[in-house]
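By convention in this document, chain letters (A, B, ...) are assigned in the order of the sequence lines, proteins followed by strands, and residues within each chain are numbered from 1.
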2 protein chains.
Amino acid sequence: MTLMTAPADKPTTFVDDYLLYQLASASQHLSDEFHRKVKASGIKIHVWRVLACVVDQPGLMLTSLSKLVLYEQSRLTKIIDQMVSDGLLNKQAVAGDRRKMAIFVTAKGQEIVAPLLISAKAHETKVLENLTDSEKTMLKRVLKKLCNPRT
Amino acid sequence: MTLMTAPADKPTTFVDDYLLYQLASASQHLSDEFHRKVKASGIKIHVWRVLACVVDQPGLMLTSLSKLVLYEQSRLTKIIDQMVSDGLLNKQAVAGDRRKMAIFVTAKGQEIVAPLLISAKAHETKVLENLTDSEKTMLKRVLKKLCNPRT
DNA sequence: CATGAAAATATGCGATTTCATATTAATCAC
DNA sequence: GTGATTAATATGAAATCGCATATTTTCATG
């Protein structure tokens, strides 16, 4: 048997080196990993996502929030209605524009999201453990740059 | 008016600095961007994704392919059945195990996917234009690392 | 201040997706 | 070889999602 010089030169395939695939793959695998914990605590994924975003930026109106949460508007409308009737969020009329609704988290919503935020950060820390410091900072910087290319 | 020393110190929010959000956001925004072109050419997104993966790794069986495509197994079963009857893929029985089906792209499938592969690479190039060389290589390396942390 | 355009949210329905489970086939323990 | 386990794929019903569009309100312009 001859010495192997490298881990074999499997002809580089398309997806392995395709940025959009790599992003989708990393995103999905890592999110799934954390989502298992969310589900285990009895919370739906979309509820977690919306709570995290509303806690983060309270008082947004539906349209802006849908961009932040990355959910399509009509879908978010339905999710929020449900969360309002579940007592996790409330909608407040915005003075001066009767179309707009500002969205906030209730005390009950806070209670639910608080431990998840901690758990999420802990998970992130574990994920980032595999990277060097410079990799960490560059990764986050580059991801931000990719989202708004005009910066 | 005083000189602004920095773009204001908006208190860093959770999601802005949360890796899983950044990944999801970058993935979704960039993919949507390319998907507009795919749709414009009359191809469904899932058809593009499956074709790209099967071209990349022909002869995979359904279960492995579903991991590569990042689609759940029963969903992929249905998609592939449709694509087979549309003449884009074919399934071949695997000798020695009558449960397995190896999946390949037909000539018609090739014709459809070929221009999309070129277009995808062109889009990727444009996306990566905003990054330095070292950012590019690190980004891809780190994304791979994130997907299989045990490497 | 009337009219047309644009913005914010809501709604209904068709299409897609998922979940649980069925079915068929291979493998393992004995 | 028989029975129990595991693997690969398929299927059907229920849940979710997204598209197109409706509705209400504001804005712009003459």
Worksheet item: Do B:L65 and B:M61 come close enough that some side-chain heavy atom pair is under 4.5 Å?
Response: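 Sidechains of B:M61 and B:L65: no contact.
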Discussion item. Do B:L139 and A:L19 make a side-chain contact, defined as non-hydrogen atoms from C-beta onward lying under 4.5 Å apart?
Written reply: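 Counting from C-beta outward, B:L139 and A:L19 do come under 4.5 Å.
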Worksheet item: Where is the tightest heavy-atom contact between B:V69 and B:R49, given as atom of each residue plus distance?
Response: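 For B:V69 and B:R49, the tightest heavy-atom pair comes out as CG1-CB, 4.3 Å.
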Practice prompt. Give the minimum heavy-atom separation between A:C53 and B:V15, together with the two atoms involved.
Written response: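 Of all heavy-atom pairs spanning A:C53 and B:V15, the closest is SG-CG1, 4.1 Å.
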Let me know the distance between [atom1] of [X] and [atom2] of [N], rounded to the nearest Å.
X     : N      : atom1 : atom2 : answer
B:H46 : D:dC17 : NE2   : C1'   : 15 Å
B:I45 : D:dG18 : CD1   : P     : 13 Å
A:R49 : D:dC17 : CZ    : P     : 11 Å

Practice prompt. Take A:L143 and A:L23 through the test side chain to side chain contact (heavy atoms under 4.5 Å, CB included) and record every step on the way to the result.
Written response: CA-CA 10 Å; A:L143 287 176; A:L23 282 170; 3.8 Å; yes
Worksheet item: Does a nitrogen or oxygen in the side chain of A:K44 sit under 4.0 Å from OP1 or OP2 of D:dT16?
Response: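 For A:K44, the contact criterion (side-chain N or O under 4.0 Å from OP1 or OP2 of D:dT16) is met.
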Discussion item. Under 4.0 Å from a heavy atom of chain B: give me the 5'-most and 3'-most nucleotides of DNA chain C that qualify.
Written reply: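 On DNA chain C, the outermost contacted nucleotides are C:dT16 to C:dA26.
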Discussion item. With a 3.5 Å distance limit and no angle check, can you tell me whether B:D56 reaches the backbone of A:F14 through a side-chain donor-acceptor pair?
Written reply: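 Yes, because the side chain of B:D56 sits within donor-acceptor range (under 3.5 Å) of the backbone of A:F14.
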Item to complete: Give a yes or no on this: more than 12 heavy atoms of other residues, nucleotides or ligands lie within 6.0 Å of atom NZ of A:K121.
Response: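 More than 12 heavy atoms, drawn from other residues, nucleotides or ligands, come within 6.0 Å of this atom.
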Worksheet entry | Atom NZ of B:K126: over 12 foreign heavy atoms under 6.0 Å |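 Counting neighbours around NZ of B:K126, 12 or fewer heavy atoms of other residues, nucleotides or ligands fall under 6.0 Å, so no.
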Worksheet item: Which residues in residues 73-84 of chain B have at least one heavy atom lying under 4.0 Å from any atom of DNA chain C?
Response: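 Residues of residues 73-84 of chain B that come under 4.0 Å of DNA chain C are, in numerical order, B:S74, B:R75, B:K78.
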Worksheet item: Looking at DNA chain C, which of residues 90-105 of chain B put a heavy atom within less than 4.0 Å of it?
Response: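 Only B:G96, B:D97, B:R98, B:R99 qualify.
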Worksheet item: Under 3.5 Å, is there a donor-acceptor pair between the A:S119 and A:H123 side chains?
Response: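 Result is no, nothing qualifies.
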Discussion item. Check this for me: does any side-chain nitrogen of one of B:D16 and A:K144 sit under 4.0 Å from a carboxylate oxygen of the other?
Written reply: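 No, this pair does not count.
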